[in-house]
Every structure is written in C-alpha cells, then in structure tokens.
Visitor: 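This is the structure I have questions about; it appears just below.
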Amino acid sequence: MKPPNTPVSLALVGCGAVSRLFYRPALRELRRHGLVELVAVVDPRPEARDPLARELGCAACASLDAALALRPALVAIATPPSLHRVQAEAALAAGCAVLCEKPLAATADDADAIVAAAARAARPLAAGHYKRFFPAHRALKTLIERQTFGPLLEATLVEGGKFAWPAATDSFFRREQTPGGVLLDIGVHVLDLLRWWLGEPADFTYADDALDGLEANARLDATFAGGARVRLRLSRDWRTENVYVFRFARAVVHCRVNAANQLEITLDDLPLTLAAELRHPLPARPAPPSRALETNPQAFLAQLVDVCAALHEHRPPFVPGAEGAAALRWVETCYARRTPLSLR
Amino acid sequence: MNTANLSTSWAVIGASGFIGLRTVEGLHGRDGVNLRPVVRSATSLAVLARRRLDWRIADPRDLPALTEALRGCPVCLHAALGDPVQIERMATIAYRACAAAGVRRLVWLSSASVHGQNPPPGTDESTPLHESHPLAYNNAKVRAERRLEQLARDGRVEVVRLRPGVVFGPRSRWITDAAADLRAGRAGWLGRGRGVCNSIHVDNLVHALRLAATVPAAAGEAFLVGDAETVAWRDFLLPIALHLGLDETAFAEPPPAPLVAERTPPLAALTRTRLYQRLGDAVPDRAKRLVKGLASAWPAPAPARDAWVLPRAPAGRLTLEQTLLQGCAWKLPHAKAARLLGYVPPVPFAAGLATSLEWLDFAEGRT
C-alpha cells in the first residue's frame with residue numbers, strides 16, 4: 001500500500017481501552033512518519049480524554065461537534081457500538097472520512113444507515129476489521145482461492161479465553177447497552193474473515209449459552225459454496241487453543257489467533273510441520289534472508305495507512321464499511337437463529 | 001426456621017471463580033433467593049453476564065466498597081481466591097464488612113487443607129488445627145478460620161466455615177490440569193493412585209453452601225464436606241486418561257516431591273507481604289502488574305541450553321501438593337455436616353466425573 005504524501009488530519013473519538021492500547025501507539029508512530037496529524041481526541045469524561053490529549057499533543061474535546069469544528073479529514077470512531085451511527089453520520093455529514101471500529105454499529109440496520117450516509121456524502125468509510133491486514137490471513141485467502149494445496153475441505157476455528165479485556169465499566173456486559181456477547185465481540189472479526197475467505201455461507205446453524213443475558217460461549221457450523229465445512233467455537237469463558245485449522249485436499253494449515261505473520265503447514269506425505277514466519281518473497285537466486293511481513297500491531301498500522309491512502313487516492317479503503325455491515329448482519333442472523341448451547 | 005426469607009438476596013464474594021460461578025448458577029432464583037455476585041472488576045463479569053443479575057463491583061480487600069456491596073443481603077457466601085496474605089486479610093475484611101452492612105450470616109469457604117493434604121487417620125472437625133503445614137496456603141486458611149472465630153465473638157455476624165477437599169466439576173483445575181498433564185506426557189501418580197482422594201463435586205459443595213446459609217444450627221460451626229463415596233486417586237485420574245484415549249501407562253511413577261516447606265521466590269514473596277498489600281491499595285494497577293510481571297520473570301532465568309542433548313519427551317512429575325494429596329489414607333468424614341446440616345451429597349461421584357468430562361470435551365472444542 002502506497003503511503004500518502006501529506007499528513008491526514010485525524011480526530012479520535014472515544015478514549016477507552018481500544019484508544020489507549022491500539023490508537024495511542026499507532027498514531028504516535030504514524031505522526032512520526034508524517035502520515036497523520038492528530039487534531040483532537042473526544043470523550044465526555046475528562047479523566048479519559050485529558051491524559052490522552054496531553055500524551056498525543058492535541059485538543060481534548062468533550063463533544064464530537066467540538067472536534068469537527070477543527071475540520072479533521074478523518075474521524076476514527078472507537079466508542080461503544082450504540083454511539084457509532086450517530087457519530088459516523090455526523091462526521092460524514094461534516095465531510096470527513098470515517099474509520100469505525102468493529103462492530104460497525106449496534107445493529108445491522110444502523111450499519112446500513114452509516115454505509116448509506118457515506119455514499120450520500122461521497123466520503124470513504126472503513127470498517128475496523130484490521131485482521132484482514134494480517135499477512136497470514138491474506139496468505140490463507142490466496143491458498144483458498146488458488147487452491148495451492150487443493151480445495152479447502154473443512155476448517156475448525158477456536159478462539160477465545162478467559163475474558164481479560166480491561167473493561168472500564170460493566171456496560172460491556174449489560175444487554176441494554178451492548179447487544180451481544182462473545183459472538184459480537186470477537187466473533188464479528190472471525191465472521192468477517194470467513195466471508196472474505198469463502199463468501200456468503202450456503203447454510204449454517206448457531207448455538208450459544210446466553211440465558212437472559214449475553215453469551216460467553218458460542219458455536220457456529222456453516223457450509224460454503226464448494227462444500228467446505230466450517231466449525232467455529234468462541235469463548236470468553238475458558239482458554240481455547242486459539243487457532244484456525246484449515247484442511248485442504250493436500251495439506252493442513254494452522255493459523256494461530258493474532259500471530260499475524262505466522263503459519264504452520266503440514267503437507268500430506270511429508271512427516272513434519274513447517275512452522276513458518278511469513279516474509280517478503282525471496283528471489284530464485286542466492287540472497288540473504290528477507291524481512292518479516294507485518295506483525296499484529298503493524299497490521300493495525302497498515303489499516304490506518306490504508307485509510308489515509310484511500311483519502312489521498314480517492315479510492316475505497318481495503319475494508320469498506322459495507323463489509324463491516326455484512327459481517328454484522330451475519331451476527332444478527334446468528335442471534336435470530338440461535339439455539340441454546342447447554343453446558344452442564 | 002431459615003435465615004433467608006423469600007425474595008431475599010445473598011451476596012457471593014468471588015462470584016466469577018469456579019465455585020462462586022457455580023454457586024450463582026445453581027442457587028439463583030431457587031427458594032425465592034436471588035444471588036448477588038460481588039466481583040473485583042467489570043472484567044470478571046464476562047461469564048456471569050449470561051444472566052441478568054444484580055451484581056456489584058467491589059474488591060474483597062476494600063472494606064468500604066465491600067460493605068456497600070453487601071448492604072441488604074442477610075447472607076454472604078465468601079468464595080474469593082487469593083494468595084496466603086490475601087486469604088487472611090479477606091477474612092477480616094469480610095467479617096467487618098458483613099457486620100457493617102447488617103449481614104446476619106457469613107459462610108466462609110475454607111478448605112479441608114486446614115488439616116493438611118494428607119491428614120492422619122481419625123481426623124475430623126474436632127482435630128486441633130496447626131500452622132506448621134509445608135504449604136503456605138494451608139496455614140493461611142488456618143489463620144483465616146482462627147481470625148473469623150475471634151471476630152465472631154462480638155456476636156454481630158454468625159460465621160459458618162465449610163471445609164471441602166478436592167472440589168471438581170466443570171471448570172475445575174483438577175480436571176483441566178490432569179488432562180493437560182496427560183496430554184503433555186508428564187502425568188504421574190503415587191502408588192498407582194491408591195491414595196484416598198477427598199473429592200467433592202462442585203454441585204455437592206453448592207448444596208452444602210445452601211445448607212450452611214440456612215440451617216440455624218450451623219452458626220459458629222466448621223464442617224468437612226465431601227462426596228458420599230470413598231474415592232481413590234486412580235478412580236479420579238484413570239477415567240480422565242481413558243476419556244482422552246490413553247490408559248494406565250500414561251501415568252509415570254515419579255519420585256515423590258521432597259516434603260519440605262515450599263519456598264516462594266523473593267520478589268513474589270515481597271508482593272505477598274502485609275506491608276506490600278496495604279501499600280498496594282494506593283499503587284496504580286499498572287505498577288502492580290509491572291511488579292507481578294517482574295516477580296514471575298525473576299529470579300529464575302532460563303538455564304543456558306546445552307546443544308549436545310538428545311531430544312526427549314517430558315517426564316512424569318509430582319508436585320509437593322500432589323505428593324501430599326496422593327499419599328492420603330484417610331477419607332475425611334462429613335458426619336457432622338450430615339447430623340447438623342442434613343447434608344447428603346446429591347451428586348454421585350461417577351455422575352459428577354462424567355459431566356466434568358463432558359464439559360472438558362466442550363471446553364477443548366471436541367463438541
């Protein structure tokens with residue numbers, strides 16, 4: 001991806017854990033390279049916004065309107081999902097491009113409304129599904145599409161562990177404020193990847209363990225065009241292996257969750273497993289080792305670089321908003337088809 | 001007459017842990033009692049949030065916060081975990097918070113390990129406790145019980161102490177650790193697992209907690225509680241191996257761990273001192289995590305690896321705790337609980353183990 005030539009002015013909305021853990025280091029790095037100019041951080045809580053604004057050397061705004069008055073070119077939204085629609089629509093109406101964290105909105109209808117607002121404003125809208133930037137995930141897409149190891153037969157994806165995200169309040173666990181549990185939280189990333197890799201599912205079943213609250217364990221079984229069968233298990237209850245396993249006709253590929261530039265490949269008829277760091281390709285001649293491809297944090301950076309480049313180049317971002325809306329629609333369909341997952 | 005009335009709330013401190021979570025799930029809504037989970041942080045709500053519950057966020061070492069969290073509850077069940085210093089401190093704070101909040105009964109989850117992991121034959125609740133166990137956890141549990149007995153002399157809160165043994169069931173480390181050891185080829189047992197396992201299925205413990213909360217005659221007493229059956233360790237461990245497709249040969253017979261008092265690395269020991277923990281209340285969480293990280297990383301640097309070694313599989317091993325537990329020859333009685341509480345364990349050992357293994361299949365992604 002070609003980096004833009006001049007800094008993109010950016011406002012960061014929401015000063016919670018995502019902003020502190022991901023955006024803060026990422027924006028520092030991009031500013032160091034002259035790729036972004038941070039104009040404001042926004043949060044109604046002064047104790048959240050003021051330290052971040054001081055650290056990042058930008059304005060601390062109590063409202064989005066105050067930040068929009070500073071005329072940023074790009075607004076990054078990292079607030080609770082119930083706020084995404086109103087904030088994205090305001091930013092787009094003000095002529096800003098928007099990068100919105102996942103899930104794109106609280107509901108698929110709201111997500112569609114954001115996508116429509118971006119179309120009306122003719123401004124770029126990017127969904128924060130940064131895991132599409134993982135080199136391992138890009139490699140898997142290539143392996144599936146080109147059938148390098150033959151067609152994909154089945155995949156088993158298990159992800160999650162005892163919940164450890166530093167949630168500042170219990171709003172994350174109240175159904176009236178957060179419309180889903182583990183499926184909406186980490187599952188929306190995985191459903192986005194599955195759609196990207198395999199297209200829309202031909203059929204699926206879904207079960208979770210919510211009673212009258214939010215699910216901590218979820219199971220999805222899907223079949224895709226071409227016959228590939230996928231089983232997905234998600235948990236915020238118990239440590240899982242955190243791995244996606246792909247069984248191709250002639251090989252098995254293990255992709256560890258969040259190991260952005262690593263794959264383990266077991267070729268049929270070869271009694272060993274290649275545990276590989278993914279690197280830039282080597283030429284077919286003697287050459288020193290090449291550089292590693294992006295790590296997890298570098299993939300997050302790549303997403304921001306891509307959105308900045310999309311602005312400069314007047315092209316859609318790599319993960320357009322409509323993709324985020326589609327992943328969320330799938331999540332909602334799962335909830336609509338939900339059957340109870342009984343755990344004794 | 002029961003301590004609890006209809007439509008009353010019982011607080012569960014440590015509600016996100018293995019026993020606390022099962023207690024909330026098992027007792028909420030039963031007999032008109034609502035369970036109020038009390039957890040240290042919002043992060044701990046992830047699994048509890050499967051139900052709409054009236055939870056509170058309060059650190060069990062924070063007296064004012066805990067007092068506020070307990071208000072309106074006539075009963076408090078304490079199932080919070082902690083290191084040895086925290087265990088003692090939590091006992092004092094739990095009692096004082098209950099007294100200040102008007103809680104009538106505190107059910108303190110102690111442990112059979114107050115008698116040691118390998119108690120002498122004849123041990124029961126009347127056996128005097130001591131603080132010379134090789135495991136610091138045991139001594140802390142003894143001190144916590146003694147502290148509660150001392151505090152309860154003011155008569156403000158009835159205290160009931162439960163002493164379960166090896167609590168197993170879904171989410172239990174006794175199940176998951178055994179499976180992990182077996183799968184990694186490092187499982188070991190002592191004397192082919194013939195020692196007595198003082199097991200109790202978690203649902204039997206939840207049943208005992210309910211009785212301890214409600215039976216008037218329980219006030220001021222301590223109760224050993226366990227499964228109905230006398231279980232050998234091989235009865236517990238071998239079915240796990242068989243469930244994983246292994247057999248008896250998966251267990252090595254390693255030498256027992258030396259029976260010497262456990263030693264804590266110096267920096268970790270520092271974090272467990274009373275002074276550090278009192279100071280720690282004023283230290284930001286980030287700094288605490290840094291110290292904990294250093295404590296876990298130091299002072300055990302990885303030894304330099306010798307390149308000239310044959311690759312080998314891991315060997316079976318026994319920890320000090322396993323050595324003590326598996327050397328046990330005495331089934332701790334729950335006759336007192338049967339007599340005073342009417343405790344009859346509702347879950348047979350075999351059924352409890354079967355559901356635990358079902359859960360293991362789910363947790364490990366096989367179902």
Side-chain angles (χ1 to χ4, degrees), chain A residues 16-17 20-21 51 155-178 180-182 184-186 207-221 231-245 340-344, chain B residues 15-18 21-22 24-26 28-29 37-58 169-173 175-177 179-180 183 201-203 284-286 288-289 347 351-367:
Chain A
R20 288 197 316 275
L21 298 176
T156 302
L157 296 81
V158 290
E159 182 167 351
K162 208 162 171 56
F163 188 84
W165 185 253
T169 70
D170 65 355
S171 65
F172 204 62
F173 302 108
R174 292 195 179 276
R175 196 175 186 89
E176 57 276 18
Q177 293 175 55
T178 302
V182 70
L184 184 66
D185 178 17
I186 61 176
D208 71 39
D209 64 350
L211 296 166
D212 53 355
L214 302 174
E215 77 281 0
N217 294 283
R219 184 171 68 202
L220 175 113
D221 291 281
R231 166 162 283 198
L232 169 63
R233 282 280 321 280
L234 300 166
S235 181
R236 53 166 62 158
D237 174 8
W238 197 257
R239 184 186 65 79
T240 71
E241 283 296 338
N242 273 312
V243 66
Y244 308 157
V245 185
L341 183 63
S342 172
L343 300 174
R344 285 205 279 180
Chain B
S16 63
F18 157 53
L21 182 64
R22 195 75 174 181
V24 172
E25 291 184 341
H28 181 70
V38 180
V39 297
R40 285 171 208 245
S41 68
T43 298
S44 304
L45 293 168
V47 183
L48 287 160
R50 293 187 297 187
R51 301 183 84 143
R52 288 175 194 260
L53 297 164
D54 178 29
W55 55 62
R56 300 286 190 280
I57 296 172
R171 296 187 182 81
S172 155
R173 73 179 177 99
I175 298 290
T176 55
D177 288 1
R183 214 175 266 117
H201 185 266
V202 66
D203 289 346
D285 282 348
R286 195 188 301 174
K288 284 183 195 165
R289 282 197 294 273
V347 181
L353 191 55
T355 55
S356 305
L357 294 174
E358 267 180 46
W359 172 83
L360 184 68
D361 284 340
F362 173 81
E364 295 189 341
R366 287 188 292 276
T367 58

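Letters go in sequence order (proteins before strands), and every chain restarts at 1.
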Visitor: Using non-hydrogen atoms only, which part of B/Ile57 is less than 4.5 Å away from chain A: side chain, backbone, both, or neither?
Guide: side chain
Visitor: Check whether B/Ser16 gets within reach of chain A through its side chain, its backbone, both or neither, counting any heavy atom under 4.5 Å.
Guide: backbone
Visitor: Do B/Glu25 and B/Arg51 meet the salt-bridge criterion of a basic N to acidic O distance under 4.0 Å?
Guide: no
Visitor: Of the backbone (N, CA, C, O) and the side chain (C-beta and beyond), which part of A/Arg219 lies under 4.5 Å from a heavy atom of chain B, both, or neither?
Guide: side chain
Visitor: So what's closer than 4.5 Å to chain B heavy atoms on A/Trp165: side chain, backbone, both or neither?
Guide: backbone
Visitor: Contact part of A/Thr169 toward chain B, heavy-atom cut-off under 4.5 Å: side chain, backbone, both or neither?
Guide: backbone
Visitor: May I ask you to name which of B/Ser356, B/Ser44, B/Ala363, B/Ala42 has the most heavy-atom pairs under 4.5 Å with chain A?
Guide: B/Ala42
Visitor: Is the closest basic N to carboxylate O distance between B/Arg171 and A/Asp237 below 4.0 Å?
Guide: yes
Visitor: Counting distance only, does the side-chain N/O of A/Asp209 pair as donor-acceptor with the main-chain N or O of A/Leu341 below 3.5 Å?
Guide: no
Visitor: List the residues meeting side chain to side chain donor-acceptor pair (under 3.5 Å) with B/Arg56, not counting sequence neighbours, and say none if there are none.
Guide: B/Asp54
Visitor: Any idea which of A/Glu215, A/Arg231, A/Glu241, A/Arg236 has the most non-hydrogen atom pairs under 4.5 angstrom with chain B?
Guide: A/Arg236
Visitor: Is A/Arg233 in contact with chain B via its backbone, its side chain, both, or neither, using a 4.5 Å heavy-atom distance?
Guide: side chain
Visitor: In this structure, which one of B/Val202, B/Val39, B/Leu48 forms a side chain to side chain contact (heavy atoms under 4.5 Å, CB included) with B/Leu21?
Guide: B/Leu48
Visitor: Could you tell me the separation between the CD1 atom of B/Ile175 and the CH2 atom of B/Trp359, rounded to the nearest 0.5 Å?
Guide: 8.5 Å
